[in-house]
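Working notes, beginning with the structure itself.
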Amino acid sequence: MTSQTKPILHSYFRSSCSWRVRIAFALKGIDYDQVPVNLIKDGGLQHTEQYKAVNPMQQVPALQIDGLTLSQSLAMIEYIDETRPGPRLLPDDPKERAQVRMISDLIASGIQPLQNLYVIQKCGTDKVQWAQHFISRGFEGLEQILKQTAGKYCVGDEISMADICLVPQVYNAERFKVDMEKYPTIKMINQTLVEVEAFRASHPSCQPDTPDDLRA
Amino acid sequence: FPILHSYFRSSCSWRVRIAFALKGIDYDQVPVNLIKDGGLQHTEQYKAVNPMQQVPALQIDGLTLSQSLAMIEYIDETRPGPRLLPDDPKERAQVRMISDLIASGIQPLQNLYVIQKCGTDKVQWAQHFISRGFEGLEQILKQTAGKYCVGDEISMADICLVPQVYNAERFKVDMEKYPTIKMINQTLVEVEAFRASHPSCQPDTPDDLRA
């Protein structure tokens with residue numbers, strides 16, 4: 001069920017949610033167009049009327065695919081997995097699939113929204129401390145869960161949506177100087193994943209909108 | 001029987017109660033009081049069930065799950081009864097998009113732990129994030145809704161909507177600004193599965209809040 005038109009991903013180089021979808025496309029070997037949305041310039045271009053028409057939540061990413069406009073990275077990833085061939089991003093087994101979704105949601109609902117740009121701008125306290133607190137709290141829980149579910153990757157030995165969520169969140173953790181030594185399982189899985197081509201090609205350091213001073 | 005660790009007023013717990021009710025599945029509820037003694041979700045005993053120290057948690061088929069949407073999709077995939085996600089992949093994506101808008105984009109920003117931490121006016125903080133989310137959701141629902149959030153069948157999106165509107169009302173968000181959300185909610189709250197699972201009539205509902 002593919003379309004002749006290339007999917008269009010509205011993305012910001014350093015947005016962890018955008019990076020998730022870039023990884024998914026790369027894992028599946030799918031060509032797509034990227035439209036950068038600068039979240040900082042002029043108060044943030046995600047707030048323009050033009051962008052609001054694409055995503056009324058005024059956030060990245062947004063995806064135009066098969067005549068559909070989607071927001072929410074995990075909804076995009078599951079849609080891509082269900083409609084495109086290539087390596088499965090969610091396992092066949094329902095129990096493993098539930099574990100993949102649990103880990104993905106722990107990150108995508110339980111950690112990232114609490115340290116995203118908009119919220120930390122709003123919180124008024126020490127921004128780094130706020131972000132560190134919520135990332136650490138989430139990683140404490142995630143470390144325990146991964147001890148049960150992980151093989152080579154988050155769930156068993158196949159790369160899944162859980163891994164797609166993990167790497168960008170560890171990147172954020174490192175930006176906020178969270179001590180990763182406290183989370184050895186997370187650290188180990190992340191180290192394996194960052195060497196995988198799909199994760200490298202989609203990395204914030206080498207996107208069309210990466211600023212020169214941050215380019216790899 | 002599946003065992004659901006739940007709090008009567010937790011919107012995330014309510015979502016799973018709705019899903020079980022829609023499917024007609026019997027389950028046991030183990031109440032977790034989020035307020036008493038600093039919150040029983042922080043005990044070592046509960047941490048062993050859910051290391052994130054949050055409700056709900058679900059023990060089902062030998063599996064222990066956290067995260068309400070992961071639970072709901074698992075229940076839908078393994079139990080018969082009305083589908084909680086549509087067959088069509090595009091509609092299914094829209095259901096997930098709306099569910100995630102609520103479950104990632106609104107609820108975590110106004111849940112108990114975060115508003116305790118934020119230090120500012122708690123009601124104002126919650127109102128801000130609910131209103132911001134509802135402004136976006138209202139626009140999306142204008143495109144996707146029929147009788148319910150996506151077309152004319154009840155889905156996981158509706159399961160997420162009703163508890164979030166309940167929270168909005170608790171924080172005195174003006175629902176007149178969101179007519180599509182309001183209308184869909186009014187239809188859903190009359191559905192038996194949403195009534196039976198309502199916070200006002202759970203095993204751990206305090207007497208003064210009982211319907």
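Labels below follow one simple rule: chain letters A, B, ... track the order of the sequence lines, proteins then strands, and each chain is numbered from 1.
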Exercise for review: Heavy-atom distances under 4.5 Å only: say whether A/S73 touches chain B with side chain, backbone, both or neither.
Suggested key: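 Looking at A/S73, nothing touches chain B.
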Point to revise | Side-chain touch B/P51/A/L142, heavy atoms, less than 4.5 angstrom | key: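 SC-SC contact between B/P51 and A/L142 ruled out.
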Check your understanding: Does any non-hydrogen side-chain atom of B/L63 lie less than 4.5 Å from one of A/Q99?
Key ->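 Yes. Closest side-chain heavy atoms under 4.5 Å.
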Exercise for review: Hey, could you give me the CG/CG distance between B/L69 and A/L74, rounded to the nearest 0.5 Å?
Suggested key: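 The CG atom of A/L74 is 9.5 Å from CG of B/L69, to the nearest 0.5 Å.
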Review point. How many angstroms lie between atom CG of B/N111 and atom CG of A/L114, to the nearest 0.5 angstrom?
Key: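 One gets 7.0 Å once the value is rounded to the nearest 0.5 Å.
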Check your understanding: Among B/R92, B/E135, B/M71, which has the most heavy-atom pairs under 4.5 Å with chain A?
Key ->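 Greatest number of close heavy-atom pairs with chain A: B/R92.
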Practice item. Heavy atoms only, distances under 4.5 angstrom: which of B/K47, B/Q143, B/Q54, B/H128 has the most pairs with chain A? Name it, please. Key: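 Max contact count across the listed options: B/H128.
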Check your understanding: Out of A/E78, A/E143, A/Q58, which one racks up the most heavy-atom pairs below 4.5 Å with chain B?
Key ->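 Among A/E78, A/E143, A/Q58, the one with the most close pairs to chain B is A/E78.
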**Study point:** residues 100-108 of chain B: residues contacting chain A (heavy atom under 4.5 Å, by number)
**Key:**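 Heavy-atom contacts from residues 100-108 of chain B to chain A are B/D100, B/L101, B/A103, B/S104, B/G105, B/P108.
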Point to revise | Smallest separation among heavy atoms of A/M57 and B/G136, with atom names | key: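 Scanning both residues completely, I find the closest heavy atoms to be SD-CA, 4.0 Å.
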Practice item. Determine the minimum heavy-atom distance between A/A75 and B/M97, stating which atoms define it. Key: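 For A/A75 and B/M97, the tightest heavy-atom pair comes out as CB-N, 3.6 Å.
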Practice item. Would you mind checking which part of B/T78 comes under 4.5 Å of any heavy atom in chain A, side chain (CB onward), backbone (N, CA, C, O), both or neither? Key: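 The side chain, not the backbone.
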Practice item. Using non-hydrogen atoms and a 4.5 Å limit, figure out which bit of B/D61 sits close to chain A: side chain, backbone, both or neither. Key: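 Both backbone and side chain.
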Point to revise | A/Q129 atom CD, over 12 foreign heavy atoms within 6.0 Å | key: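 Atom CD in A/Q129 is not crowded, with 12 or fewer foreign heavy atoms closer than 6.0 Å.
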Check your understanding: Just wondering, more than 12 heavy atoms not from A/E158 lying within 6.0 Å of its CD?
Key ->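 Counting neighbours around CD of A/E158, 12 or fewer heavy atoms of other residues, nucleotides or ligands fall under 6.0 Å, so no.
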Check your understanding: Donor-acceptor pair, A/K95 side chain versus B/Y74 backbone, under 3.5 Å?
Key ->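 Checking the backbone N and O of B/Y74 against the side chain of A/K95, no donor-acceptor pair under 3.5 Å is found.
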